[in-house]
Engineer: 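Starting off with a structure, shown below.
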Amino acid sequence: SQGLPAVPVPVFKVPRTFSENYQLNPFTAFGLPDPDLRTPYVQQWSLGIQREIRGAVLEARYVGNHSTKMFRAYNLNPVELRTNGFLEDFLRARSNGNLARQAVGFFDPNYNPQIPGSQPLAVFPNLVLGGLLNHPIVRSLIDTGEAGQLGFVYHVNGLSGPVAFYRNPVSVASNVVTNYSNVTYNALQIDVQRRARRGFAFQANYTWARVLSDSNGVAQHRFEDIRDPRNGRIDRARPRFDITHAFKVNGVYDVPIGRGRRLDRPALNPILGGWALSGILTWQSGSPFSIMSRRGTLNSSYFSTENTASSTATKQELDDLLKFRMTANGPYIVAASAIGSDGRGIATDGQAPFNGQVFSHPGPGEIGTLQQRWFSGPPTFNLDFALFKQFSIREAHKLEFRMEALNTLNHPTWLVSDQDIGSVLFGRVTGSLYGPRKIQLSLHYRF
C-alpha cells in the first residue's frame with residue numbers, strides 16, 4: 001500500500017553467539033544440562049517388629065531413605081560484589097546516605113565533606129555518569145541495602161563502565177541442570193490394624209518423621225537458585241512437604257441390624273437393616289513456612305525471592321511469637337507485638353525499629369540469618385464421615401444410598417504460606433486447607 005514504510009528484511013544468521021544475543025537483549029540468560037548428568041537414585045532401609053494383640057496387628061518400624069544426586073538447576077553466574085570492590089563502596093555510600101539523613105533530613109549517598117564521617121567513594125565514580133547517585137531508583141536501592149539488585153541494574157542498563165558485575169559479561173544468568181541436591185528421610189511409624197470383627201474394622205497409624213534437603217523439593221520446578229553461591233549447604237532445611245507428626249484413623253462399622261447380622265428382624269430389615277458407617281480422621285502437624293525479606297542484598301531481586309529475614313531472637317522466642325491466633329481482625333500467625341502499626345514486620349527504612357520489632361532485612365552483601373522453612377503452621381484436624389445402605393433388588397442388582405459429610409465438624413484448617421516482613425499483610429493468615437463442611441447425598445444403582 002502507498003505511504004507505508006518499507007520493512008527491512010531481517011538478516012538470518014545461524015549460529016548466533018552469546019555476545020550477539022546479549023547485544024540484542026541485555027536480559028539474556030542461558031541454560032544447559034550438565035554433560036555428565038546422571039540418573040538420581042534412592043537408598044532405602046527399614047527395621048520393624050510386628051505382634052498380634054487380641055485380633056489386632058500392631059507394627060512398629062523405623063524407615064529411612066536417602067535420595068542422592070537429585071536434579072537441580074541453579075545460576076552459575078550471580079552478581080559479583082566483592083572482587084570488584086563494589087560492596088565496600090556500596091557500604092560507604094549507604095553510610096553517607098544515613099549520615100546525610102540525620103544532618104539534612106534526606107538520604108544522599110554522595111560524599112559530602114561538610115558532614116562529619118562522610119567518606120569519599122572509590123568505585124561509583126568509575127561507573128557511567130558516576131552511578132547516577134542522584135537518581136531516585138539508585139538511592140532507593142542503596143537505602144534498602146540491595147547491593148545485588150543495584151549491580152544488576154547497572155549491568156543491564158550499560159552503566160557498568162570498567163566495573164565487572166558478572167564473570168560472564170554477556171549473560172545475567174547462566175543456568176545449569178546438574179546432580180546437586182540430596183534428601184534424607186527418617187521416621188518412626190506405628191500402625192494398628194483390626195480386621196472386620198462383629199462388623200467393625202479399623203486402621204490407625206502414627207508417624208514421627210523428619211525430612212531434610214538443600215532443595216525445596218518441588219518436583220516440577222527444577223530451578224532453585226542458591227541463596228549464597230559461596231555456601232550452598234546453608235539452604236539445607238525442611239522442604240515444604242515435611243510433616244513432623246501425623247496421626248490418621250479410618251474405620252467401618254456395620255450397624256448390627258439386618259439380614260446376616262446380630263439383629264436379623266424381617267420387620268426391621270427394609271428400613272433399619274443394612275446400614276454402615278465409615279470415617280477418616282486426620283490430625284497432623286502444620287506445614288513449614290519461612291519468614292522472608294526477598295530483598296536483593298546479595299543477588300538480583302529475581303534470584304532473591306527465597307532470601308529470608310534476620311533476627312537476633314532465639315528459636316524458642318520466635319516460636320512463642322509465631323503461633324496461631326484468632327483476633328478481631330481475623331486469623332494471624334504472628335503476635336501483634338511483632339507487627340508494626342502499618343501491618344508490616346519492620347519499620348520504614350531509615351526509621352528506628354518499632355517497639356517489639358524482632359525481624360530485620362539482611363545487610364548489603366548478606367543473606368537472612370533465619371533458616372528457610374524453620375517454623376510450622378497450625379496443625380491440621382479433619383474428619384470425613386459417611387453413612388450408607390444397600391437395598392437388594394434382585395441377584396447382582398443393588399441400590400446404594402450414601403450420605404457423605406466432608407469436614408464433618410466444620411473445623412477450619414488454616415494454611416500458612418511464607419511471611420514477607422515488608423508486606424502490609426505480614427502475619428495474616430489468608431488461606432485454608434479444607435473448605436467448610438460439605439454434605440452430599442447420592443443414589444447408586446449397581447449391577
Engineer: Quick one: do K13 and E20 make a salt bridge, cutoff under 4.0 Å?
Structural biologist: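 Looking at K13 and E20, the cut-off is met.
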Engineer: P40 and F71: which non-hydrogen atoms are nearest, and at how many Å?
Structural biologist: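 Minimum heavy-atom separation between P40 and F71: CD-CZ, 3.5 Å.
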Engineer: Salt bridge or not for R139 and D143, using N-O below 4.0 Å?
Structural biologist: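 Looking at D143 together with R139, the answer is no, because their closest N to O distance does not fall below 4.0 Å.
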Engineer: Does the pair R373/D418 count as a salt bridge with the N-to-O cut at 4.0 Å?
Structural biologist: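 Here R373 does not pair with D418 in a salt bridge, since their nearest N and O are not under 4.0 Å apart.
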Engineer: Is it true that R94 and D89 have a side-chain N and a carboxylate O under 4.0 angstrom from each other?
Structural biologist: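 The answer is no: the pair does not qualify as a salt bridge.
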Engineer: Do P412 and W414 have side-chain heavy atoms sitting under 4.5 Å apart?
Structural biologist: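 Yes. Closest side-chain heavy atoms under 4.5 Å.
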Engineer: For the backbone of A347 and the side chain of Q357, can you confirm whether one donor and one acceptor N or O come within less than 3.5 Å of each other?
Structural biologist: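 Looks like yes, one N/O pair under 3.5 Å.
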Engineer: Is a side-chain donor or acceptor of T369 paired with a backbone partner of S311 at a separation under 3.5 angstrom?
Structural biologist: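 Present.
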Engineer: With distance as the sole test, does N382 use its side chain to make a donor-acceptor pair with the main-chain N or O of T282 at under 3.5 Å?
Structural biologist: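 Side chain of N382 to backbone of T282, a donor-acceptor pair under 3.5 Å: no, none is there.
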Engineer: How would you list all residue pairs meeting side chain to side chain donor-acceptor pair (under 3.5 Å) that involve residues 323-336, not counting sequence neighbours?
Structural biologist: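 For residues 323-336: Y332-R428.
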Engineer: Between R236 and T184, is there a side-chain heavy-atom distance shorter than 4.5 Å?
Structural biologist: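 They are in contact (side-chain heavy atoms under 4.5 Å apart), so the answer is yes.
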Engineer: Please work out whether the ring planes of F86 and Y154 are parallel, tilted or perpendicular, with thresholds of 30° and 60°.
Structural biologist: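 The arrangement is perpendicular - the two ring planes meet at more than 60°.
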Engineer: Between N75 and Y302, is there a side-chain heavy-atom distance shorter than 4.5 Å?
Structural biologist: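 No. Closest side-chain heavy atoms not under 4.5 Å.
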Engineer: Look up atom CD in E366 and atom CG in L87, then write down how far apart they are to the nearest 0.5 Å.
Structural biologist: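 Here the interatomic distance stands at 8.5 Å.
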Engineer: If you apply the rule side chain to side chain contact (heavy atoms under 4.5 Å, CB included), what do you find for T430 with L415, and how did you get there?
Structural biologist: CA-CA 8 Å; T430 58; L415 180 63; over 6 Å; no
Engineer: Taking all non-hydrogen atoms of both residues into account, name the closest pair between Q44 and N65 and its distance.
Structural biologist: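 For Q44 versus N65, the nearest heavy atoms are CG-CB, 3.8 Å.
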Engineer: Using the side chain to side chain donor-acceptor pair (under 3.5 Å) rule, collect all pairs that involve residues 112-122, keeping only residues at least two apart or in two chains.
Structural biologist: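 Sorted result for residues 112-122: N96-S118.
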Engineer: Go through it in stages, so that I can follow the logic: the residues are D108 and N134, the test is side chain to side chain donor-acceptor pair (under 3.5 Å), and I'd like the CA-CA distance, side-chain angles, deciding distance and then a yes or no.
Structural biologist: CA-CA 8 Å; D108 183 356; N134 294 325; over 6 Å; no
Engineer: For the pair D191 and K248, evaluate salt bridge (charged side-chain N to carboxylate O under 4.0 Å, His left out) and give the outcome as yes or no after the intermediate values.
Structural biologist: CA-CA 10 Å; D191 185 80; K248 300 178 181 180; over 6 Å; no
Engineer: Do Y22 and T17 have side chains that approach each other closer than 4.5 Å (heavy atoms only, starting at C-beta)?
Structural biologist: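 They are not in contact (no side-chain heavy atoms under 4.5 Å apart), so the answer is no.
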Engineer: Assess K315 against W374: is NZ or CZ under 6.0 Å from the centre of the six-membered ring, and within 45 degrees of the ring's axis?
Structural biologist: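 Positive - K315 is close enough to the ring of W374 and near enough to its axis.
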Engineer: Side chain of Q149, backbone of A147: donor and acceptor closer than 3.5 Å?
Structural biologist: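 Side chain of Q149 to backbone of A147: no pair is present.
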Engineer: Between E59 and R61, does at least one N-O distance fall below 4.0 Å, as a salt bridge requires?
Structural biologist: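 Salt bridge present between E59 and R61.
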Engineer: Can you tell me if S140 uses its side chain to pair, donor with acceptor, with the backbone of P136 under 3.5 Å?
Structural biologist: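 Judged by distance alone, no pair lies under 3.5 Å.
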Engineer: So L406 and R437, do their side chains get closer than 4.5 Å, heavy atoms only?
Structural biologist: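 Not touching, per the 4.5 Å side-chain cut-off.
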Engineer: For A338 versus V334, what's the shortest heavy-atom pair and its separation?
Structural biologist: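 The pair with the smallest heavy-atom distance is CB-CG1, 3.9 Å.
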Engineer: Can E306 and R227 be counted as an ion pair, charged N to O under 4.0 angstrom?
Structural biologist: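 Result for this pair is no, no salt bridge flagged.
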Engineer: Looking at Y180, is its backbone amide N or carbonyl O close enough to the side chain of T178 to form a donor-acceptor pair, meaning the two atoms are under 3.5 Å apart?
Structural biologist: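 Between the backbone of Y180 and the side chain of T178 there is no qualifying donor-acceptor contact (under 3.5 Å).
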Engineer: Is a donor on one side and an acceptor on the other found under 3.5 Å between the side chain of T207 and the backbone of A209?
Structural biologist: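 Not a single qualifying donor-acceptor pair exists.
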Engineer: Closest heavy-atom contact between G286 and I243?
Structural biologist: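 Minimum heavy-atom separation between G286 and I243: O-CD1, 4.2 Å.
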Engineer: Between V153, V138, L127, L132, which is the residue that forms a side-chain contact (heavy atoms from CB on, under 4.5 Å) with L159?
Structural biologist: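 The single option meeting the side-chain contact (heavy atoms from CB on, under 4.5 Å) with L159 is L132.
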Engineer: Set out, in order, the CA-CA distance, both residues' side-chain angles and the distance that settles side chain to side chain contact (heavy atoms under 4.5 Å, CB included) for I421 and I291, then state yes or no.
Structural biologist: CA-CA 7 Å; I421 62 174; I291 303 295; 3.6 Å; yes
Engineer: Under the side chain to side chain contact (heavy atoms under 4.5 Å, CB included) criterion, do F385 and M403 qualify, and how do the steps go?
Structural biologist: CA-CA 8 Å; F385 173 81; M403 186 280 288; 4.1 Å; yes
Engineer: Establish, from distance only, whether the side-chain atoms of T314 and Q316 form a donor-acceptor pair under 3.5 Å.
Structural biologist: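 Judged by distance alone, the side chains do not pair up.
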Engineer: Which is it for Y41 and T39 under the side chain to side chain contact (heavy atoms under 4.5 Å, CB included) test, yes or no, and what are the steps along the way?
Structural biologist: CA-CA 7 Å; Y41 60 93; T39 301; over 6 Å; no
Engineer: Write down the atom of H361, the atom of S293, and the distance for their closest heavy-atom approach.
Structural biologist: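 Looking at all heavy atoms of both residues, the shortest contact is ND1-OG, 2.7 Å.
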Engineer: Any chance the side chains of T83 and E80 put a donor and an acceptor closer than 3.5 Å?
Structural biologist: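 Indeed, the side chains of T83 and E80 share at least one donor-acceptor pair under 3.5 Å.
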Engineer: Assert yes or no for the condition that the ring centre distance of H155 to F165 is strictly below 6.0 Å.
Structural biologist: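 No, ring centres 6.0 Å or more apart.
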Engineer: Check whether any side-chain heavy atom of T413 lies under 4.5 Å from a side-chain heavy atom of N407, and answer yes or no.
Structural biologist: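 Result no, sub-4.5 Å side-chain heavy-atom pair not found.
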Engineer: Determine the sole option in Q372, R233, R72, E224 for which the side-chain contact (heavy atoms from CB on, under 4.5 Å) test with D214 is passed.
Structural biologist: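 The side-chain contact (heavy atoms from CB on, under 4.5 Å) with D214 is passed solely by R72 among Q372, R233, R72, E224.
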Engineer: Keeping the roles fixed (side chain from T408, backbone from A405), state whether a donor-acceptor pair exists under 3.5 Å.
Structural biologist: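 Such a contact is found between T408 side chain and A405 backbone.
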Engineer: Rounded at 0.5 Å granularity, tell me how far OH in Y185 sits from CG in D242.
Structural biologist: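 Rounded to the nearest 0.5 Å, the OH-CG separation comes to 9.0 Å.
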Engineer: Can you say whether the rings of Y206 and H245 are parallel (under 30°), tilted (30 to 60°) or perpendicular (over 60°)?
Structural biologist: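 Ring orientation, 0 to 90° scale: parallel.
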Engineer: Would you say CZ of R51 has more than 12 non-hydrogen atoms from neighbouring residues, nucleotides or ligands within 6.0 angstrom?
Structural biologist: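 It does not: R51 CZ has 12 such atoms or fewer within range.
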Engineer: Within the 4.5 Å heavy-atom criterion, are I234 and I367 side-chain neighbours or not?
Structural biologist: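 Yes, close enough: below the 4.5 Å cut-off.
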Engineer: Would a distance-only check, ignoring hydrogens and angles, find a side-chain to backbone donor-acceptor pair under 3.5 Å from S171 to A29?
Structural biologist: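 Not confirmed, S171 side chain does not pair with A29 backbone.
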Engineer: Sub-3.5 Å donor-acceptor pair from the side chain of N179 to the main-chain atoms of K69, do we have one?
Structural biologist: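 It does hold such a pair.
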Engineer: Does N355, at its CG atom, have more than 12 non-hydrogen atoms belonging to other residues, nucleotides or ligands within less than 6.0 Å?
Structural biologist: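 Count not over threshold, so no.
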Engineer: Taking all heavy atoms of G148 and all of L81, pick out the closest pair and write down the distance.
Structural biologist: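 Reported closest heavy-atom pair: N-CD1, 4.0 Å.
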